[in-house]
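Heads up, the thing below is written out as structure tokens.
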Amino acid sequence: MQKNELIRLDARLVDVIDHAIFRAELANGHRFVAIAKDREGRPQEKFKVNDTVTVEMSPFDMSQGRVVVFPALSDEVDHESKKFSQEDV
């Protein structure tokens with residue numbers, strides 16, 4: 001196994017530790033620290049507890065992981081702006 005191999009797993013965010021750091025849980029019950037920062041190190045602020053995300057973890061250190069796939073933000077879409085009135089037709 002190469003040292004740069006990463007494992008991608010689905011996890012649920014259980015608790016907030018800091019600004020972009022969460023406690024997460026895998027489906028098998030394993031808990032670890034999930035860091036939600038992009039590749040440049042900027043924190044991603046679009047998470048809340050109970051979101052399901054995909055994380056990358058090293059097989060050598062399963063105590064922490066990096067969030068790589070973010071949840072769908074469908075609730076942020078403004079549906080009111082897409083409605084037409086009778087006057088527009």
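Below, each value reflects all heavy atoms present in this structure, side chains not excepted, and no hydrogens, waters or symmetry copies.
Val53 and Ile35 fall into different hydrophobic clusters, defined by Ile, Leu, Val, Met, Phe, Trp and Tyr side-chain heavy atoms under 4.5 Å apart, directly or through other members. Both Val49 and Phe47 are members of a single hydrophobic cluster when ILVMFWY side chains are connected at heavy-atom separations under 4.5 Å. If you chain together hydrophobic residues whose side chains sit under 4.5 Å apart, Val16 and Ile21 never meet in one group. Taken together through direct or relayed side-chain contacts under 4.5 Å among Ile, Leu, Val, Met, Phe, Trp and Tyr, Leu6 and Val68 form parts of separate hydrophobic clusters.
Remark: Arg23 engages no residue in a salt bridge (Lys or Arg N to Asp or Glu O under 4.0 Å) (not counting sequence neighbours).
Using a 4.5 Å heavy-atom cutoff, the side chains of Asp51 and Arg12 are not in contact. Side-chain contact between Arg31 and Val14: present, with at least one pair of heavy atoms (C-beta onward) separated by less than 4.5 Å. Taking the side chain as every heavy atom from C-beta outward, Val55 and Arg66 never approach each other to under 4.5 Å. Side-chain contact check for Phe32 versus Met62: every heavy-atom pair is 4.5 Å or farther apart.
In this structure, the separation between CG on Asp15 and CG on Asn50 is 10.5 Å, given to the nearest 0.5 Å. Note: Met57 CE to Ser63 OG = 7.0 Å, rounded to the nearest 0.5 Å.
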Passes side chain to side chain contact (heavy atoms under 4.5 Å, CB included), Glu56 versus Ile7? Steps please. CA-CA 5 Å; Glu56 279 184 348; Ile7 301 170; over 6 Å; no
Leu26 vs Leu9, test: side chain to side chain contact (heavy atoms under 4.5 Å, CB included). Steps then yes/no. CA-CA 8 Å; Leu26 297 176; Leu9 300 167; 3.9 Å; yes
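Not one N or O on the side chain of Asp18 forms a donor-acceptor pair closer than 3.5 Å with the backbone of Ala20.
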